[in-house]
Asks: 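To start, I am sharing the structure in question, which I have written as structure tokens.
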Amino acid sequence: MLSQPVFRFAPSPNGYLHLGHAYSALLNQKRARESGGRFLLRIEDIDLERARPEFEQAIYDDLEWLGVSWERPVRRQSEHIADYAAALNKLKEMELLFACDCTRASLTQFASSHENWPRDPDNSPLYSGACLTKMNSVSLLIEQNNGFALRLNMSQALKRLERQLYWREYSLGNIAADPSSWGDVILSRKSTPASYHIAVVVDDALQGVTDVVRGRDLYAATSVHRLLQHLLGLPAPNYHHHELIYDAVGAKLSKSQKSISLRALRAEGMSAQAVKKHLGF
Ligand code: GLU
């Protein structure tokens, strides 16, 4: 018997939900319903400096207003730090992590003093490699507690692959993962016990997620997720990176750009029905 598909919507409570989130949540719910699958809500509050309780409550309120319903209990990442620590520990034992105390300013300075220094898909300069040989892995977790970040040693990680990695993308088929384009990605920071990348792959596996439906802005990050899944021995879900919703002036909607939030639309008198219709549901 085929197992039941599992979908999830995984917002970060760092701001109010906007139309792009509404589209993602509604599409997840629609796909789950069409396939007789389950639909989970996950609160990605791992960035302890940015997550705020009022934004989490607003997620529940806005989704309810929109008519989205999800299974309880909700997984909140801040309650599962030990799961991410276990995954980091596994990578540490594989000698694939190194501790790094470079500041963002020093890395920007390094990149600007090297002509055409490569950039990652998010347009940040690739890591300089400054700490790559400085620390040994034995002291890693102690270092982490002392304010160091942990990075993945990308070249060592790639050496462990016996074959090209692919992920399955909705309507496009197999996509070749290109994790090297991200360099030595950060997997935990001083202020954040686990990065988005490590938390998302651990949670998708622990929750049995079979289908990840999320915005196109996370398409390139899937290469890192695929690599981490492989290294940690986790199953790879199917992916569907949907179009991004643009506001009237054509800017990509995001919380940092102070896009119109669902609650602002509601305050202006827009109905949930009108929002759904606008988004094509
Ligand atoms: N928490 C992420 C965000 O709000 C989404 C993560 C995901 O869907 O993989 O952008």
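Read the numbers this way: they start at 1 and go in the same order the structure lists the ligands and their atoms. These numbers come from the heavy atoms of this one structure, side chains and all, not from hydrogens, waters or symmetry mates. Residues take their numbers from the sequence shown, with the count starting at 1.
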Asks: Just which atoms of ligand 1 are under 4.0 Å from any heavy atom in S12?
Replies: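 Atoms satisfying the 4.0 Å criterion: 1 (N), 2 (C), 3 (C), 4 (O).
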Asks: Measure the acute angle between the ring planes of H225 and Y196, then classify it against the limits of 30° and 60° as parallel, tilted or perpendicular.
Replies: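 Perpendicular.
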Asks: In residues 150-158, what donor-acceptor pairs under 3.5 Å come from side-chain atoms, sequence neighbours left out?
Replies:
unit_1	atom_1	unit_2	atom_2	d
R151	NH1	D184	O	2.9
N153	OD1	S155	OG	3.4
N153	OD1	Q156	N	3.3

Asks: Is ligand 1 under 4.0 Å from a heavy atom in the side chain of P11, in the backbone, in both, or in neither?
Replies: backbone
Asks: When you compare ligand 1 with L218, is there at least one nitrogen or oxygen pair between them that comes in under 3.5 angstrom?
Replies: no
Asks: Hey, any chance V209 and L228 share a hydrophobic cluster, counting ILVMFWY side chains that come within less than 4.5 Å of each other, even indirectly?
Replies: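 Result: no, two separate clusters.
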Asks: Heavy-atom distances under 4.0 Å are what count here, so tell me which part of Y196 touches ligand 1: side chain, backbone, both or neither.
Replies: side chain
Asks: With backbone taken as N, CA, C and O and side chain as the heavy atoms from C-beta onward, which portion of H197 lies under 4.0 Å from ligand 1: side chain, backbone, both, or neither?
Replies: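 No part of H197 comes within reach of ligand 1.
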Asks: Taking the six-membered ring for Trp, are H240 and H242 parallel (under 30°), tilted (30 to 60°) or perpendicular (over 60°)?
Replies: perpendicular
Asks: Does D204 come within less than 4.0 Å of R42, counting only side-chain N to carboxylate O?
Replies: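 R42 and D204: salt-bridged.
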Asks: Against heavy atoms of R214, which atoms of ligand 1 measure under 4.0 Å?
Replies: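 So the atoms of ligand 1 that pass are 7 (C), 8 (O), 9 (O).
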Asks: For Y16 and H18, I'd like to know if the aromatic rings sit close, meaning centre-to-centre distance below 6.0 Å.
Replies: no
Asks: Which of the atoms in ligand 1, numbered in the order shown and given with their element, are less than 4.0 Å from a heavy-atom of E44?
Replies: 1 (N), 2 (C), 5 (C), 6 (C)
Asks: Measure from NZ or CZ of R31 to the centre of the six-membered ring of F39 and say whether it is under 6.0 Å with the direction within 45° of the ring axis.
Replies: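 Judged by the rule, R31 and F39 form no cation-pi pair.
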Asks: Show which atoms of ligand 1 fall inside a sub-4.0 Å distance from at least one heavy-atom site of R8.
Replies: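 Every atom of ligand 1 under 4.0 Å from some heavy atom of R8: 7 (C), 8 (O), 9 (O).
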Asks: Give the atoms of ligand 1, by number and element, whose distance to some non-hydrogen atom of V200 is under 4.0 Å.
Replies: 9 (O)
